[in-house]
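Here is the structure we will look at, set down as structure tokens.
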Amino acid sequence: MKLTGVELLRVRMPLVAPFRTSFGTQADRELLLLRAVTAEGEGWGECGAMAGPLYSSEYIDGVEHVLQAFLVPALLAAGDLTAYRVAPLLAKFKGHRMAKAALEMAVLDAELRTRGMSFGAALGSTTDTVPCGVSVGIMDSIPQLLDVVGGYLDAGYLRIKLKIEPGWDVEPVRAVRERFGDDILLQVDANTAYTLSDVPQLQRLDPFGLLLIEQPLEEEDVLGHAELANHLRTPICLDETVVSAASAAAAIRLGACRIVNIKPSRVGGYLEARRVHDVCAAHGIPVWCGGMLETGLGRAANVALASLPGFTLPGDTSASDRFYRTDITEPFVLEAGRLPVPSGPGLGVTPIPGRLAEVTTAKSWLA
């Protein structure tokens with residue numbers, strides 16, 4: 001397969017409601033999509049980077065630049081190409097995992113569509129549906145939070161994740177437990193908002209029977225997470241810290257986590273995400289699939305990944321209407337708390353031209 005060109009599309013999609021985390025509030029989602037074109041067909045990729053370097057050091061303008069100046073030209077000059085060659089060809093360029101992930105995703109989609117194979121089949125899917133959780137942002141009040149959580153439980157979501165930060169942690173968790181009981185699967189996500197000086201406060205979460213506390217400390221503080229684990233009964237789950245299979249293995253060996261959130265964009269692509277899954281499975285570490293407010297393109301790929309056998313916890317693979325009133329693909333609809341794994345070639349979904357045109361703000365063509 002030879003890559004003949006890549007189209008970059010900037011899109012802006014309004015959210016159903018503002019989404020607040022410890023690093024800011026989003027009212028819409030700005031995204032970068034990629035369309036990889038070959039002589040045999042085309043494939044789609046989606047970048048998980050945000051408009052600013054808040055979740056990670058990458059941001060959309062920077063991703064677009066590195067794709068234009070370095071990554072896409074390297075693949076255009078490579079001749080015969082497969083998805084498995086993408087990472088080795090781009091390895092000389094340090095970092096930029098989200099940019100590389102989007103490009104690899106587009107190449108993999110194009111390759112699989114040509115072969116008539118689905119993402120799930122290529123990655124090693126063992127089921128045709130996946131259980132779904134939902135991520136609930138920081139709210140203005142406890143009553144508002146309870147209304148929102150109740151709505152998601154009524155919709156059928158099997159797990160609730162609460163975003164937390166200092167000043168919004170114990171009381172929201174207590175309120176959710178008191179209203180909805182101990183049987184609901186409940187976890188929290190700090191997005192690096194705490195330090196080791198907050199051990200006493202984080203210990204106050206232990207009595208609530210949480211599935212996990214996600215990424216309480218800074219992403220580079222692996223030893224800090226290992227130390228924190230000695231003081232908590234609640235399992236620590238790493239997100240931002242795990243950027244590769246090697247970093248996952250190191251964190252597990254140091255005792256820094258008992259669970260791992262796998263985000264393909266964060267680790268450099270779906271092929272590396274599968275390697276992270278395999279490392280965790282070999283060590284008996286449960287994994288689940290995180291989300292970055294993806295469109296139907298990224299959601300399709302995430303659902304396929306979440307159908308691998310090591311994904312034993314519900315992920316942030318929510319239905320399309322969790323974030324968007326109108327998606328750019330046919331929507332993913334929750335049924336009995338689960339989403340179907342697309343079975344068509346490649347991602348199994350494609351953008352609907354009219355919907356994509358409505359949200360596209362800029363395009364560029366690299367050939």
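- At a cut-off of 3.5 Å, with distance as the only test, a side-chain donor of D169 or Q201 sits close to an acceptor on the other residue.
- We find that E30 and R10 are joined by a salt bridge, their nearest charged nitrogen and carboxylate oxygen being less than 4.0 Å apart.
- By the 6.0 Å contact criterion, NE2 on H231 is enclosed, its count of non-hydrogen atoms from other residues, nucleotides or ligands being greater than 12.
- Ion pairing of E42 with R35 is present here, as a side-chain N (NZ or NE/NH1/NH2) and a carboxylate O approach within less than 4.0 Å.
- When atom types are taken as modelled, the side chain of D206 and the backbone of L232 share no donor-acceptor pair closer than 3.5 angstrom.
- Within the 4.5 Å cutoff, the side chain of E7 has no heavy atoms near those of the V37 side chain.
- Both L205 and L238 sit in one connected hydrophobic cluster of ILVMFWY residues. Membership requires side-chain heavy atoms under 4.5 Å apart, directly or through other members.
- By the 4.0 Å N-to-carboxylate-O rule, K263 lies close enough to D239 to be salt-bridged with it.
- Inspection of the E40 and T38 side chains reveals an N or O donor paired with an N or O acceptor under 3.5 Å.
- What you find for L31 and C47 is that their closest heavy atoms are CD2-O, 3.7 Å.
- Counting heavy atoms from C-beta on, the side chains of V349 and F332 come closer than 4.5 Å.
- Among all heavy-atom pairs drawn from T241 and S247, the shortest one is O-OG, 4.0 Å.
- A salt bridge links D109 with R113; the closest basic N to acidic carboxylate O contact falls under 4.0 Å.
- Side chains of E214 and N261: a donor on one and an acceptor on the other come within 3.5 Å.
- Taking all atoms of both residues into account, the shortest heavy-atom contact from Y59 to P53 is CB-N, 3.7 Å.
- Under a cut-off of 6.0 angstrom, the local environment of NZ in K363 is sparse, with at most 12 non-hydrogen atoms contributed by other residues, nucleotides or ligands.
- Between L32 and L67, the closest side-chain pair of non-hydrogen atoms falls below 4.5 Å.
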Pair D316-R159, salt bridge (charged side-chain N to carboxylate O under 4.0 Å, His left out): steps then yes or no: CA-CA 9 Å; D316 287 340; R159 183 227 69 196; 2.5 Å; yes

Full working for side chain to side chain donor-acceptor pair (under 3.5 Å) between Y324 and R29: CA-CA 9 Å; Y324 304 115; R29 181 70 164 105; 4.7 Å; no

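- Cluster membership check: Y152 shares its hydrophobic cluster with W168, using side-chain heavy-atom separations under 4.5 Å among Ile, Leu, Val, Met, Phe, Trp and Tyr.
- Tracing side-chain contacts under 4.5 Å through hydrophobic residues (I, L, V, M, F, W, Y), one never reaches V267 starting from V86; they form parts of separate clusters.
- For the residue pair C132 and L334, the shortest heavy atom distance occurs at CB-CD1, 3.7 Å.
- Minimum heavy-atom separation, P216 to I236: CD-CG2, 4.3 Å.
- For the pair K100 (side chain) and L90 (backbone), a donor-acceptor distance under 3.5 Å is present.
- The line from CG of L271 to CE of M105 is 12.0 Å long, rounded to the nearest 0.5 Å.
- Residues L185 and P314 have side chains in contact (heavy-atom distance under 4.5 Å, counting atoms from C-beta outward).
- Heavy-atom contacts from other residues, nucleotides or ligands closer than 6.0 Å to CD of Q144 number more than 12.
- Across all their heavy atoms, R322 and Y157 have their closest contact at CB-OH, 4.0 Å.
- The backbone N or O of A362 lies less than 3.5 Å from no partner atom in the side chain of T360, so there is not a single donor-acceptor pair.
- Classification of the F311-H277 ring pair by plane angle, with boundaries at 30° and 60°, yields parallel.
- In the displayed structure, F93 atom CZ is contacted under 6.0 Å by more than 12 heavy atoms of other residues, nucleotides or ligands.
- Between the side chain of T126 and the backbone N or O of S307 there is at least one donor-acceptor pair closer than 3.5 Å.
- E227 places no side-chain N or O within donor-acceptor distance of the main-chain N or O of H225, the cut-off being under 3.5 Å.
- Under a hydrophobic clustering in which Ile, Leu, Val, Met, Phe, Trp and Tyr are joined whenever their side-chain heavy atoms come within less than 4.5 Å, directly or via other members, L228 and V170 fall into the same cluster.
- Atom CG of N230 has more than 12 heavy atoms from other residues, nucleotides or ligands within 6.0 Å.
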Evaluation steps, salt bridge (charged side-chain N to carboxylate O under 4.0 Å, His left out), between E272 and R97: CA-CA 10 Å; E272 184 67 14; R97 289 182 174 86; over 6 Å; no

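- Side-chain contact check for Y194 versus I164: some heavy-atom pair is nearer than 4.5 Å.
- Residues L366 and L8 have side chains in contact (heavy-atom distance under 4.5 Å, counting atoms from C-beta outward).
- Considering CD1 of I213 and CZ of R258, their distance stands at 12.5 Å, rounded to 0.5 Å.
- Summarising the geometry, atom CE belonging to M50 is positioned 9.0 Å from atom OG belonging to S56; distances are rounded to the nearest 0.5 Å.
- Annotation: side chain of E219 is not in contact with side chain of Y55 (no heavy-atom distance under 4.5 Å).
- Within the model, atoms CG of L347 and CZ of R299 stand 13.0 Å from one another, a figure rounded to the nearest 0.5 Å.
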Stepwise side chain to side chain donor-acceptor pair (under 3.5 Å) test for N191 and Q215: CA-CA 6 Å; N191 288 118; Q215 198 68 43; over 6 Å; no

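- Comment: R355 does not engage E358 in a salt bridge, judged by the lack of any side-chain N to carboxylate O separation of less than 4.0 angstrom.
- Residue L217 holds its CG atom at 5.5 Å from CG of L196, rounded to the nearest 0.5 Å.
- Cluster annotation: V303 and L313 are assigned to distinct hydrophobic clusters (Ile/Leu/Val/Met/Phe/Trp/Tyr, side-chain heavy-atom contacts under 4.5 Å, transitive).
- Proximity of I262 to V242: side-chain heavy atoms (C-beta onward) are nowhere separated by under 4.5 Å.
- Judged by distance alone, the side chain of T114 and the main-chain N or O of A110 form a donor-acceptor pair under 3.5 Å.
- Between the side chain of S265 and the main chain of G48, a donor-acceptor pair closer than 3.5 Å is present.
- Rounded to the nearest 0.5 angstrom, L108 CG and Y270 OH are separated by 10.0 Å.
- Salt-bridge formation is detected for the pair R115/E111: a Lys NZ or Arg NE/NH1/NH2 atom is positioned less than 4.0 Å from an Asp or Glu carboxylate oxygen.
- Side-chain N/O atoms of D327 and T295 include no donor and acceptor closer than 3.5 Å.
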